[in-house]
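The next block holds one structure in the form of structure tokens; read it before the comments.
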Amino acid sequence: MPLSKTYTPEEIEGPHYRRWEDEGAFAAGRKNAGKPYTIVIPPPNVTGSLHMGHALNNTLQDVLIRFERMRGRDALWQPGTDHAGIATQMVVERQLDEKGISRHQLGRSKFLDRVWEWKAESGGTILNQLRRLGASADWSRERFTMDEGLNKAVTKVFVDLYKQGLIYKDQRLVNWDPKLLTAISDLEVENREVKGHLWHIAYPLEDAPGRHIVVATTRPETMLGDTAIAVHPDDERYKAFIGKNAILPLVGRRIPIVADDYADPEQGSGAVKITPGHDFNDYEVGRRHKLEVINILDEKAHLNDNVPEAFRGLERFDARKAVLAQLEELGLIEKIDDITHTVPYGDRSGVVIEPWLTEQWYADAATLAKPAIAAVERGEIVFVPKQWENTYFSWMRNIQPWCISRQLWWGHQIPAWYGPDGQVFVETDEDAALNAARLHYGKETALERDNDVLDTWFSSALWPFSTLGWPERTPELDRYYPTDTLVTGFDIIFFWVARMIMMGLHFMGEVPFRTVYVHALVRDEKGAKMSKSKGNVIDPLELMDEYGADALRFTLSAMAAQGRDIKLAKSRVEGYRNFATKLWNAARFCEMNVCLLRPDFEPGAVRLTVNKWIVGETARAAQAITEAIQAYKFNEAADAAYHFTWHTFCDWYVEFIKPILTPASANADLLPLDQGEVRPKGGEGATAPASGDELAQDETRACAAWALSQILHLLHPFMPYVTEELWDKLRNDSPIPETQDLIVRGWPDASSLPMDKKAADEMNWVIRLVTDIRSVRAEMNVPVAAKLDAKLTGASPETERRLIVHEGLITRLARLGSIDLAAESPAGSVQLVIDETTVALPVARFIDVAAERARLEKEIQKSQAEIKKIDAKLANDAFVSKAPEAVIEEQRTRRADHTQTAEKLAAALERLKKAG
RNA sequence: GGGCGCGUAGCUCAGUGGUAGAGCACUACGCUCACAUCGUAGGGGUCGCUGGUUCGAUCCCAGCCGCGCCCACCA
């Protein structure tokens, strides 16, 4: 069935994807495959939906994986999803909430059943959306961070690290989320700038009635937990107070005034209240001075029984008001400053985080980080762009203990069991824990399992090896680990990338991947972060509906310049949809002209200049695209493919070959038989027409089909659907059995293709000639239908030869009646200069002589100005002695060109004047 | 407070120590047998500012102005 007039993505995307899957096109480990090339997907949240960040991230991965697969590597793109602890639990809790049920009413086990149900219900969505995008992952290997094998991996890692002393339990302040009621890690805290107040509060001194010491705070309610005041030891204002006591207002507690470097004389009043139970700094001060730690908040951040009765049970912000009101009444508020300061918020819950004293599990990140830092320093892992290594280093070198326990239900439950006296047994399963307990206690003892689960990122840190079967030593693990490239956004370098490196090195003894490609964030047209609340989200699914997956993929690739955010404009997507249509129509042209892939076609053996030229241009494009993808310069690769397809193949090659392929064409008797053998123009002396023309046509049909097939391959990583569809068409029409395969195999090898310099020069001359003639015609408003008879003067023998060979093309593309050599340019013509040749176009009846004179004068002036500039340079001794020879030579060449042009144009001007 | 990035055509962005580029938008014209989701031609930029290095700077360096991001326990 012939191709339709336009490309309709929705008709072919689904069927092609199904075919790829049915034929196992994406499966790793196929026979005869070369060296492995592996990418592990950043696992999307299992209950999530595809957003633009996913679209970008997965498009780039797919470009890489398809490229390497086509080049013959054993490409494995390992897919899967993440259980996303907090995020998923929140969704399910919200669903329950709508029915008026709390998870506690349901109980842990039933609640988890509900989460699994929700996972079963919505877990396929994101993966199907990735398929829609064209992602060529090996779905047969799909994993989930909570599946059985991965749970085994998580448990083993936890137990091993515990036994190595790298995981431990500790009581210290954590970031507590009073809404989600769980500890979170430093990374899950988002510091926001907010406007607030700085209250200066007078604390009465114990032994000096009527005298005060003033402290400044942004959180007056925490004073109820104060256990000291700190001043700087060198602060003259307060030296006398050190060692004395103050009386804590509202509470009446006697608190010491201590000297500590932490107190900054420049800040606030220079004296700072110390609340070890609710501030990370104060906690440290408290440690140094052995201060009492008073916890005044419960898990929901309401005041507890450790505060005076009047305040008990108050929510923290209500408590602030109450405290301030009381202080006001007592006249203890000295002044209030308006300030802007940073306040920690939970990135999931959006509420203010409380530093809260609890017992949690920690991983000794500093120890794990050491080899991870060294691996990047040694270049075993390379970040692209390289600057991200600095970000990585600065974080890793100051890394804090990683709080890995969460007071959630959805996640990997911590494999720790407690005896009645609090003794901890960390084992891979309950039986092992019971055994250990029996040994410890000397008898059977009931144990209670730790209720907490692990941070989601704990399991994703193992992803590059857990998905390959670890802790089993599987053949896949041997073959595909270490993986090759990790493609990710910079927002998860700390959360994920750094931790994978730490865990990979610790448990596998090898880096998890060689290259980390860090891409940008997708923003809206104006550069703002896309977010639901702003309503500026562009849905990739809608774009795919409207323009097709290929157009979206190509857009994202073309905009993925390193180190820059992507501002996505719909107009770009539309433009690349048009590109797909253009390609489609070029294929239609080939189809209509019966251009078939030929078994005997040898790109190195073509005889016609146009064909030699397109072979060389194809080689150039293939090389540029290959190099760009290898260097992760997706935009350059996409641009090169776009330009070659549209502006070289469609704009010129297709136009060049039309006169050859159209048998009835009046130009048929002008066809060159071959590069060296040019048939004389006109009837007389012409060699027998038919056979030579058929040879030329034959070669050209095969060459066009070949070039198109190369384009389809080069574009395939970016636009898999339309290229597969057209390839399908092309190969089905082909008599060669070897091409009966999906496009997923085979990548153009530029090094095996000849780049014929002579053919390139020749066709570039034709292009210049045609373009310049068109330009003049347009400028002179020559009616498009007017066939002009061009006359060339001063042509060299080579130009004359080119003219004869390409006459048919030139007259057709430049819309000439004829083009001939002449001794002299005819009067009343417009003249232009190509190298040594003057081209005269008889357009007298269309032109305004005065305007033409002005044009020529302007052109001459332009050239003369250039010559003047070059002469100045060449007259500069410093330039001549210091600039490289090539640069000087280039200047000389340019000068000669301009001189020639100026002379020819001056001659033209003279003739015009004479004629006028 | 520390670190990073960005300011190039109306818009969105590439790019290079040696004659400024693309897409979109815009203007004019469209005979034509792949394509109006198209063709041909065209207009449009002192490459943020100021200095420095250099024979030569949009590119390298410094400072400044403007914008954005990341990290950080400063009340």
Side-chain angles (χ1 to χ4, degrees), chain A residues 3 5-7 191 198-200 215-219 230 262-264 266-275 279-284 339 341-342 344 355 387-388 390-391 394-395 398 490-491 493-494 521 523 525-529 547 551 555 558-559 561 563-572 574-593 635-636 639 642-643 650-651 654-655 658 662 664-665 771 774-779 781 783-787 812-813 815 866 869-870 873 876-884 886-888 890-891 894:
Chain A
L3 294 170
K5 211 170 165 183
T6 50
Y7 170 48
N191 288 303
L198 185 63
W199 286 275
H200 294 251
V215 298
T217 181
T218 53
R219 302 196 54 195
Y262 165 68
D264 179 354
E266 306 293 318
Q267 287 287 333
S269 63
V272 57
K273 62 193 255 339
I274 301 299
T275 322
D279 182 284
F280 290 101
N281 288 310
D282 293 4
Y283 186 74
E284 293 305 317
I339 57 159
H341 61 143
T342 55
Q387 48 149 132
W388 288 110
N390 294 330
T391 307
S394 65
W395 188 68
N398 297 303
F490 58 79
D491 49 334
I493 289 179
F494 304 143
L521 245 49
R523 298 171 179 281
E525 245 169 307
K526 293 178 196 121
K529 216 166 169 172
Y547 301 111
T555 307
M559 301 195 74
R564 219 190 230 260
D565 285 340
I566 294 178
K567 289 179 201 155
L568 192 71
K570 225 173 148 182
S571 62
R572 274 304 267 273
E574 190 180 333
Y576 290 122
R577 185 276 315 269
N578 296 354
F579 174 58
T581 305
K582 185 77 184 176
L583 175 67
W584 182 268
N585 277 297
R588 274 184 76 216
F589 171 84
C590 290
E591 179 190 52
M592 292 165 85
N593 284 283
N635 59 319
E636 286 182 17
D639 282 348
Y642 179 93
H643 189 268
C650 294
D651 285 354
V654 166
E655 296 305 326
K658 276 179 184 172
T662 313
S665 161
T771 307
R774 282 173 176 170
S775 210
V776 167
R777 291 182 62 123
E779 220 172 311
N781 292 317
V784 283
K787 300 273 189 188
R812 179 190 168 104
L813 296 181
R815 305 193 179 287
E866 284 298 314
K869 261 161 80 180
I870 295 165
K873 264 190 187 178
N876 182 345
D877 288 344
F879 174 74
V880 178
S881 60
K882 293 195 177 172
V887 172
I888 295 170
E890 193 196 323
Q891 296 297 326
R894 281 189 55 214

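Lettering of chains follows the sequences in order, A, B, ..., and the numbering in each one begins at 1.
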With a 3.5 Å limit on both atom pairs, tell me what [N] is paired to, counting Watson-Crick and G-U wobble, or say none.
N	result
C35(B)	none
A22(B)	U12(B)
A75(B)	none
G68(B)	C4(B)
U27(B)	A41(B)
C49(B)	G63(B)

### Message
With hydrogens left out and only the distance checked, is there a donor-acceptor pair under 3.5 Å joining N390(A)'s side chain and the base of C4(B)?
### Response
no

Among [options], the nucleotide that comes nearest once only the side chain of [X] is considered:
X	options	answer
K582(A)	A34(B), A36(B), C74(B)	A34(B)
K882(A)	C74(B), C35(B), C55(B)	C55(B)
N876(A)	U19(B), C55(B), A75(B)	C55(B)
Q387(A)	G15(B), A34(B), C4(B)	C4(B)

Could you check whether [X] gets within reach of a base, just the sugar-phosphate, or nothing at all, counting any heavy atom under 4.0 Å?
X	result
A587(A)	nothing
K273(A)	nothing
H643(A)	nothing
P884(A)	base
C650(A)	base
T391(A)	nothing
Q891(A)	sugar-phosphate
A883(A)	base
S394(A)	nothing
R894(A)	base

Open item on the list: The criterion is side chain to side chain contact (heavy atoms under 4.5 Å, CB included); which residues satisfy it with D491(A), sequence neighbours excluded?
Closed with: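 So D491(A) forms a side chain to side chain contact (heavy atoms under 4.5 Å, CB included) with L521(A).
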
Pick the closest RNA chain B nucleotide for R577(A) and for F494(A) by heavy atoms, then say which residue is nearer the 5' end.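 By nearest-heavy-atom nucleotide position, the 5'-most residue is R577(A).
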
Per-nucleotide protein contact along nucleotides 22-29 of chain B, 5' to 3', at a 4.0 Å heavy-atom cut-off (B base, S sugar-phosphate only, - neither), is -SS-----

Quick one: is T771(A) getting a side-chain N or O under 4.0 Å of the U40(B) phosphate, OP1 or OP2? no

Phosphate OP1/OP2 of A34(B) contacted by K658(A) side-chain N/O (<4.0 Å): yes

In whole angstroms, the gap separating C1' of C71(B) from CH2 of W395(A) amounts to 11 Å

Within this structure, what is the CZ-to-P distance between R588(A) and A36(B), rounded to whole angstrom?
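Whole-Å distance recorded here is 8 Å.
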
Exercise. May I ask you to check whether Y642(A) and Y576(A) place their ring centers less than 6.0 Å from one another?
Key: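 Here the rings of Y576(A) and Y642(A) have centres that are less than 6.0 Å from each other.
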
For K582(A) and C650(A), the nearest pair of non-hydrogen atoms, with its separation, is CE-CB, 3.7 Å

Rounding to 0.5 Å, atoms CG (L583(A)) and CG (N578(A)) come to a distance of 12.5 Å

